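Notes for the one structure printed next.
Because the structure is a prediction, the values reported are computed rather than measured.
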Amino acid sequence: MHIRTAAAATAGSLVLLALLAPTAQADTHKGDLAFTSVSFSKTTVNVGVSEVQKLTASATLKDNSGIRTVMGFKLVSPDNRIQYAKSSTCTRPTSTTMKCTWSYGLDPHTDDYFDLRNSSAGTWHLDMEAGAYDGDFYTLDSSVTMKVKRFAKLATTQATPEPVAKGKTLTVTGALTRADWNTNTYVGFAGQKVALQFKKSGSSTYTTVKTVTTDSTGKLKTTTTANAAGTWRWHFAGTGTTSSATAAGDGVALK
């Protein structure tokens with residue numbers, strides 16, 4: 001059961017809730033009240049260690065008797081950390097519909113409970129309720145989701161020696177880090193598969209040459225054969241809780 005204090009959205013006014021942390025449930029509804037559309041400005045938000053990342057959620061609701069109230073409008077993380085709307089607007093295009101937009105800020109700082117922690121990364125859901133004048137209602141608990149991920153970075157690729165003789169060995173290094181929301185620092189991401197890619201001079205396309213796993217501190221090191229001049233780079237595809245990342249490349253000429 002959700003524990004809530006009152007909040008209401010009416011024509012020209014919108015009052016925000018203060019809510020206790022809920023657990024996700026299935027959507028419930030009665031009558032013909034429905035969310036005809038719900039969307040996010042970003043379906044995935046990658047958050048680093050300093051800047052607040054902003055996004056909006058928009059919804060259109062409809063009921064034949066008209067929408068009386070909208071309550072809740074919060075984002076809930078996998079660890080039940082709540083993000084309340086920073087601002088909100090609602091309009092009534094017709095007597096039976098309401099359109100609302102809510103703005104959120106995802107903060108990686110560790111100043112208070114609402115700021116992100118590492119356990120917050122993953123799939124978030126939008127939580128709100130709506131009521132109609134005829135008593136119909138709709139509780140949106142778990143069906144509308146988005147991803148919030150820890151931002152990842154790859155250090156600039158280093159390939160040596162430069163230049164290199166054709167057919168000789170190149171040593172390529174790099175490092176993968178990701179945002180630690182518990183400490184507001186970037187830390188090495190261990191045990192991750194990262195693609196070493198090559199783009200031949202004159203081409204615009206990178207091809208994966210091999211996949212290398214980061215060590216216990218997130219560092220990358222491998223060898224490869226230099227068969228052509230071109231640019232080498234690292235690419236990380238990301239995970240369910242961490243963003244993708246692509247390193248700046250290192251151009252290597254043949255001698």
Side-chain angles (χ1 to χ4, degrees), residues 42-53 55 77-79 106 108-110 116-124 145-255:
K42 304 173 184 176
T43 56
T44 299
V45 181
N46 301 319
V47 185
V49 299
S50 58
E51 293 186 8
V52 176
Q53 297 298 312
L55 74 150
S77 69
D79 60 352
L106 301 178
H109 294 96
T110 56
L116 300 174
R117 300 296 184 271
N118 291 340
S119 56
S120 306
T123 301
W124 291 51
T145 62
M146 58 167 292
K147 292 280 189 180
V148 179
K149 295 187 177 186
R150 297 163 65 179
F151 186 72
K153 298 194 296 184
L154 275 165
T156 298
T157 307
Q158 297 294 329
T160 57
E162 300 179 53
V164 63
K166 184 175 181 179
K168 295 299 183 179
T169 298
L170 271 177
T171 298
V172 188
T173 59
L176 175 65
T177 59
R178 64 172 174 170
D180 186 325
W181 295 335
N182 295 344
T183 61
N184 290 126
T185 59
Y186 281 94
V187 297
F189 197 5
Q192 301 304 303
K193 295 185 181 301
V194 181
L196 176 64
Q197 299 181 329
F198 178 70
K199 180 181 68 173
K200 189 175 181 179
S201 293
S203 173
S204 59
T205 304
Y206 279 93
T207 300
T208 296
V209 175
K210 62 165 66 175
T211 299
V212 181
T213 301
T214 57
D215 68 12
S216 60
T217 61
K219 289 185 171 55
L220 291 155
K221 185 176 182 179
T222 192
T223 58
T224 187
T225 302
N227 292 316
T231 303
W232 297 87
R233 74 176 187 184
W234 296 102
H235 175 72
F236 174 58
T239 70
T241 59
T242 305
S243 75
S244 62
T246 302
D250 188 9
V252 177
L254 297 183
K255 63 179 180 180

Heavy-atom donor-acceptor pair, Arg150 side chain to Ala179 backbone, under 3.5 Å: yes
Residues, nucleotides or ligands: over 12 heavy atoms within 6.0 Å of Lys200 NZ: no
Glu162 atom CD, over 12 foreign heavy atoms within 6.0 Å: yes
Contact check, side chains of Thr213 and Lys193, non-hydrogen atoms, under 4.5 Å: yes
Plane angle bin for Tyr186 and Phe151 - parallel if under 30°, tilted between 30 and 60°, otherwise perpendicular: perpendicular
Polar side-chain atom of Asp180 near backbone of Asn118 as donor-acceptor pair, under 3.5 Å: no
Side-chain heavy-atom pair Thr224, Trp232 within 4.5 angstrom cut-off: yes
Val172 side chain reached by Val212 side chain, heavy atoms, under 4.5 Å: no
Gap separating the OG1 atom of Thr157 from the CZ atom of Phe198, nearest 0.5 angstrom: 12.5 Å
ring-ring contact (aromatic ring centres under 6.0 Å, His included) pairs, two or more places apart, involving residues 204-228: none
Backbone N/O of Gly191 and side chain of Thr214: donor-acceptor pair under 3.5 Å: yes
Sidechain-backbone polar pair: Asn184 side chain, Val49 backbone, donor-acceptor under 3.5 Å: yes
4.5 Å side-chain heavy-atom contact, Trp234 and Leu196: yes
Approximate separation, where rounding is to 0.5 Å, of Thr183 OG1 and Arg117 CZ: 11.0 Å
Donor-acceptor contact present, side-chain Ser203 to main-chain Thr205, <3.5 Å: yes
Side-chain (Ser201) to main-chain (Ala229) donor-acceptor, under 3.5 angstrom: yes
Short side-chain to backbone donor-acceptor contact, Lys219 and Gly188, under 3.5 Å: no
Any donor-acceptor pair under 3.5 Å from Lys199 side chain to Gly251 backbone: no
Between Lys147 and Thr123: side-chain donor-acceptor atoms closer than 3.5 Å: yes
Derivation and outcome, side-chain contact (heavy atoms from CB on, under 4.5 Å), residues Leu55 and Met146: CA-CA 11 Å; Leu55 74 150; Met146 58 167 292; 3.5 Å; yes
Rounded distance [0.5 Å steps], CZ in Phe236 versus CG in Leu220: 10.0 Å
Side chains of Thr208 and His235 in contact at under 4.5 Å (non-hydrogen atoms): no
Polar side chain donor-acceptor pair, Asp79 to Ser119, under 3.5 angstrom: yes
Over 12 non-hydrogen atoms of neighbours within 6.0 angstrom of NZ in Lys168: no
